[in-house]
Protein chains: 2
Amino acid sequence: MRDAYHEELDSIGDGLVEMARLTGSAIGRATTAILDADLKLAESVIEADQKVDELQHDLEARAIALLARQQPVATDLRIVVTSLRMSADLERSGDLAQHVAKLARLRFPSRAVPQDLHATILEMGQLAQRLMAKAAEVIITKDVDLALQLEQDDDDMDLLHRTLFQHLIDERWKHGIETAVDVTLLGRYYERYADHAVAVAKRVVYLVTGEHADELQAGIEPVTGVEGA
Amino acid sequence: MRDAYHEELDSIGDGLVEMARLTGSAIGRATTAILDADLKLAESVIEADQKVDELQHDLEARAIALLARQQPVATDLRIVVTSLRMSADLERSGDLAQHVAKLARLRFPSRAVPQDLHATILEMGQLAQRLMAKAAEVIITKDVDLALQLEQDDDDMDLLHRTLFQHLIDERWKHGIETAVDVTLLGRYYERYADHAVAVAKRVVYLVTGEHADELQAGIEPVTGVEGA
């Protein structure tokens, strides 16, 4: 039988999984809202982010209470501190899903995304949602191989992000500047969302192996994002 | 005389101030690099971010060691946990300064920012640097009034960000899409940088008062950013 302490640790893990589930759903629904110019759906995503924020506050309070009451050391301490960081990543990914939904609301009844970019944005939204689903699975299973796989999925996100930019700077771009600005920001939101999902998975790797994911992956060259290159 | 424990706590605070100093300098130099198309300066900013990352790793390791060894409770525990969060904010603001420098490098020998937006970008860069200088001062002095002032400075950043967007969507915009994309991302980098500086100050407020800065500021209506409205 587990003691109260480990039950509390487990319940913090459950909170993280629930946050990941909510922000995964949010990015999927926000993507639908922006592609369909669905105001009601956008508003429901915007409103639902409050629940993610509440979960984070609750989770942080419990983690700090656990530190104060149980004074864990070694691995247990590392789990609690890492949980605090993961909750910050998940809270931020919720914000980014909310940004997508807010852009849908801002442009309603127009569509923010031109038809010839629908497929790319849809793919970015689906990939983001899949990354977060995998991150949640990594939290549950602590599967290091799956966590490393996430980093490679993130390369796909970088490629999609580049595709988006190639469309933007193509001289045949005919959608005007405002849409270019919207698409630039959207690309950034999805890319950052993916970064946070990957960060969550990396932190689990660090918990399990004591090594940073990058060190385990020496030799795999990352595809750099557009802001750097 | 202070004991070893409080000396260690103080040294974590010193580390945070040093991180803030470095990222404040970085955003100032990155702004100069992008306005002057100065490749050497851009590269020095990109390289210097490693120092910020090292400081963060070092600071985190010391904070976790402190938790394990001293098992602080109440206020001391809150200080250590909050320091971990502040170091994450500062590390991220360093990344954003680096993004500005990378854009300068990517466009070199061209200038990423058209002449008619120089003044606005310069002002955003200066304001960002000032915000971080104030955040450092708040860490040192724990001055709650100064911390609240930062949030109002952040409203100025939002206004500058809006000005930038108004330029972009003005039908007289003549700098093409690629520049519009660059300026959109730049605006986002400065805005996010400012958000992190404000977050650092808010966390100090929380440490000092036990209340979130928002609650102390009821009645002051925030100017919303362009991504939301």
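Letters A, B, ... mirror the listed sequences (proteins, then strands); counts begin at 1.
- At a 4.5 Å heavy-atom cutoff, the contact between A:R85 and chain B is made by side-chain atoms alone.
- Enclosure of atom CD in B:Q70 by more than 12 non-hydrogen atoms of other residues, nucleotides or ligands within 6.0 angstrom is indicated.
- With a 6.0 Å radius and a threshold of 12 heavy atoms from other residues, nucleotides or ligands, A:Q71 has its CD atom above the threshold.
- The two residues B:I177 and A:G176 come nearest to each other via the heavy atoms CD1-O, 4.1 Å.
- Using a 4.5 Å cut-off between heavy atoms, A:L77 contacts chain B through its side chain alone, with no backbone atom that close.
- Heavy-atom neighbours of B:E54 CD from other residues, nucleotides or ligands within 6.0 Å: above the threshold of 12.
- B:E171 contributes atom CD, which lies 12.0 Å from atom CD of A:E178 (distance to the nearest 0.5 angstrom).
- For A:V181, the parts lying under 4.5 angstrom from a heavy atom of chain B are both the backbone and the side chain.
- Put simply, the side chain of A:Y189 reaches to within 4.5 Å of the side chain of B:R188, judged on heavy atoms.
- Contacts with chain A were tallied for B:V183, B:V73, B:D170; B:V73 has the most, counting heavy-atom pairs under 4.5 Å.
- No other option in A:R69, A:R78, A:R192 has as many heavy-atom pairs under 4.5 Å with chain B as A:R192.
- Contact annotation for A:L84: only side-chain heavy atoms (C-beta onward) come within less than 4.5 Å of a heavy atom of chain B.
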